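No experiment lies behind these values; they were computed from the predicted model shown. In what follows, chains are A, B, ... by sequence order, proteins preceding strands, each numbered from 1.
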Number of protein chains: 2
Amino acid sequence: MITNLYYSQEGHGPYALHDIGDLELEEGGTIRGCKLAVATHGKLNAAKDNAILVPTWYSGTSKIMEQVYIGKGRALDPDKYFIVVVNQIGSGLSTSPHNTPAPNGMADFPKVRIGDDVRAQHRLLTESFGLNQLALVVGGSMGAQQTYEWAVRYPEFVKRAAPIAGTAKFSELDFVLLETLSEAITSDPGFRDGSYGSSVEVAAGLKRHAKIWTVIGWSADFFRAGRYRSLGLDSMHSFVDNFMTAYFAQMDPNDLLAQAWKCQRGDVSRHAGGDLAAALGRITAKTFVMPISHDTIFPPDECEAEQRLIPGSAFRPLTSIDGHLGLFGTDSGMLAQLDANLKELLEIPVS
Amino acid sequence: MITNLYYSQEGHGPYALHDIGDLELEEGGTIRGCKLAVATHGKLNAAKDNAILVPTWYSGTSKIMEQVYIGKGRALDPDKYFIVVVNQIGSGLSTSPHNTPAPNGMADFPKVRIGDDVRAQHRLLTESFGLNQLALVVGGSMGAQQTYEWAVRYPEFVKRAAPIAGTAKFSELDFVLLETLSEAITSDPGFRDGSYGSSVEVAAGLKRHAKIWTVIGWSADFFRAGRYRSLGLDSMHSFVDNFMTAYFAQMDPNDLLAQAWKCQRGDVSRHAGGDLAAALGRITAKTFVMPISHDTIFPPDECEAEQRLIPGSAFRPLTSIDGHLGLFGTDSGMLAQLDANLKELLEIPVS
């Protein structure tokens with residue numbers, strides 16, 4: 001357990017810490033007194049049928065979901081919906097390697113799967129908020145993985161689902177991709193097998209990790225168009241140093257590694273003995289599958305192949321040259337497309 | 001200077017070492033007695049107008065060009081043409097960091113640019129082989145960079161040009177991509193700022209470098225289709241370990257870094273004060289620009305934008321889900337397309 005001021009109410013709040021009790025893990029072991037950092041927006045109605053769940057992605061917290069995706073007049077409108085943003089386990093705000101005391105903290109943190117997060121969230125929603133349904137689960141990247149897991153695991157609970165820029169079953173290629181990201185960190189001598197004293201000691205590894213993200217997270221068109229200038233950076237070099245590296249430098253290495261390990265193993269087919277079609281066939285939520293056109297991590301045709309296995313679903317790709325990291329909200333045109341899709345989805349009657 | 005048995009006549013021959021004399025470098029400094037490793041196929045005709053130059057790519061040598069691209073009945077047919085395959089400086093066979101004695105070897109090897117290679121090759125072809133023209137320059141990836149450099153620098157010399165899966169001006173994104181590859185090596189403590197005793201000491205860094213190549217070199221479709229099975233590997237894991245890692249593990253880290261540095265700075269616009277259109281406008285060679293459809297390092301539209309700047313050129317994309325590393329010859333269908341294009345190009349009359 002170490003102190004990391006990045007993960008704070010100042011930077012990412014307001015959020016509330018909910019102790020959901022002991023969480024037994026799919027890989028074995030238990031998180032004692034698992035805490036979920038939760039940000040809510042809007043009010044639950046009397047019928048308790050206006051709740052929306054937003055899980056978070058790798059390295060992201062509830063704050064970016066609030067800043068980029070939630071707002072009056074937006075699809076995720078707090079005037080209409082009770083929006084619950086739950087930071088994933090390992091995110092740095094919820095129970096995570098860096099904030100867990102010995103003997104289970106840091107490199108000794110247990111392995112957590114997407115399914116553990118979703119069961120933890122289910123407990124939170126049912127026990128803390130008294131919900132028995134969700135009008136929508138929507139998330140990007142690892143948030144999409146959790147969205148798929150929710151829709152397959154609790155089909156009666158999830159009325160609508162909107163996985164954005166993510167897959168129900170992580171690909172072999174992406175598995176190796178995340179391995180390169182994780183090894184950029186673990187290969188830093190300052191990482192010391194996870195027993196570093198602060199993120200600063202792993203700065204070189206975090207920087208290499210940020211560079212790989214730079215290369216695979218945005219698209220070739222993004223760079224060709226000099227889109228980083230629209231983010232206020234005047235050169236590619238500055239973009240790498242002052243945006244991508246600065247973003248990751250403050251984060252906790254063990255937390256990132258815990259998320260990456262989890263992400264690599266996202267696979268709803270585990271619910272059907274490895275049969276992806278059977279697992280996705282269980283989904284009853286009205287589902288809009290929304291890849292991003294220039295996303296090379298989760299290519300649209302890969303997402304479409306999964307969408308075809310979901311009964312009654314629709315394929316709604318978003319167009320943006322920003323690629324996967326367009327999730328950061330860098331392309332207002334893409335956000336407008338997303339909002340239009342989500343509004344349409346939310347208007348579809350459900351039983 | 002260290003011994004590395006990978007770079008040998010046994011593994012990569014037959015080739016001849018030509019001492020082209022001292023080579024002054026664009027970045028300053030001189031390579032004393034620069035040696036080029038050259039493999040030739042076929043015979044020069046009396047008119048000396050049937051010579052084809054094939055420069056090599058990053059990590060590759062003349063051997064793979066011989067095995068995959070040259071042969072009786074192929075476009076590059078030794079029965080018709082005098083084919084000269086020149087290993088680039090830093091390739092490990094020609095003058096390179098690992099085979100240059102102190103004080104200029106290993107990490108002290110001078111910086112070499114694409115232009116240095118092309119001037120060295122020009123000297124070789126004119127002085128050793130008595131050529132004053134080339135029927136064709138053809139190369140992939142860094143070989144394409146050299147092809148573009150040849151066509152811009154010596155327009156009267158190059159009658160036809162076929163850059164495959166490469167660009168005339170390296171992109172900002174690819175610059176950072178190569179930085180991640182190089183840093184995977186240099187961050188290995190065993191690299192010791194370039195003063196390692198053998199590649200084995202840098203095995204971990206070379207493996208990380210191989211994994212990044214795995215992720216960015218092939219396409220998502222390649223992995224989804226399980227194409228590594230056609231290479232004799234029975235799993236993704238085995239592919240990473242026994243193909244990609246095994247391939248790079250034997251190579252010299254300083255040699256790879258010298259090639260990467262050169263590759264990052266490939267830019268024919270240097271001949272026209274930074275004006276790419278003006279530089280490419282100088283090309284008089286009949287040029288077929290051949291990107292690979294699923295290549296994300298050199299996307300077809302990026303190559304097409306350059307092609308449009310070359311007078312009288314044609315855009316001839318090759319279709320293969322193997323992506324950039326389809327250059328290895330893994331897709332016989334792509335090789336057939338390439339051969340058809342090259343045969344057509346070679347039949348176009350030139351003055």
Discussion item. Using a 4.5 angstrom heavy-atom cutoff, name the option from Ser219(A), Pro299(A), Ser187(A) with the most pairs to chain B.
Written reply: Ser187(A)

Item to complete: Heavy-atom distances under 4.5 Å only: say whether Tyr228(B) touches chain A with side chain, backbone, both or neither.
Response: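 For Tyr228(B), side-chain heavy atoms alone lie under 4.5 Å from chain A.
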
Fill in: Shortest non-hydrogen contact from Gly217(B) toward Ile297(B)
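That would be CA-CD1, 4.4 Å.
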
Counting only non-hydrogen atoms closer than 4.5 Å, does [X] touch chain B with its backbone (N, CA, C, O), its side chain (CB onward), both, or neither?
X: Asp221(A); answer: side chain
X: Leu181(A); answer: neither
X: Glu179(A); answer: side chain
X: Val240(A); answer: side chain

Practice prompt. Assess Arg316(A) against Phe288(A): is NZ or CZ under 6.0 Å from the centre of the six-membered ring, and within 45 degrees of the ring's axis?
Written response: yes

Discussion item. For a side-chain contact (heavy atoms from CB on, under 4.5 Å) check, start with the C-alpha distance between Ser141(B) and Phe298(B), then their side-chain angles and the critical distance, and finish with the verdict.
Written reply: CA-CA 8 Å; Ser141(B) 203; Phe298(B) 303 103; 3.9 Å; yes

Discussion item. Heavy-atom pairs under 4.5 Å with chain A: which of Asp174(B), Ile216(B), Val176(B) has the most?
Written reply: Val176(B)

Worksheet item: Among side-chain atoms of Thr245(B) and Asp241(B), is any donor-acceptor pair under 3.5 angstrom?
Response: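 Per modelled atom types, Thr245(B) and Asp241(B) side chains form no pair under 3.5 Å.
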
Discussion item. Quick one, Phe328(B) with Tyr247(B), criterion ring-ring contact (aromatic ring centres under 6.0 Å, His included). Give me CA distance, side-chain angles, the key distance, then yes/no.
Written reply: CA-CA 12 Å; Phe328(B) 281 1; Tyr247(B) 172 69; 5.3 Å; yes

Worksheet item: Checking side-chain hydrogen bond (donor to acceptor under 3.5 Å, both in side chains) for the pair Asp275(B)/Ser269(B): CA distance, chi angles, key distance, verdict?
Response: CA-CA 5 Å; Asp275(B) 185 338; Ser269(B) 81; over 6 Å; no

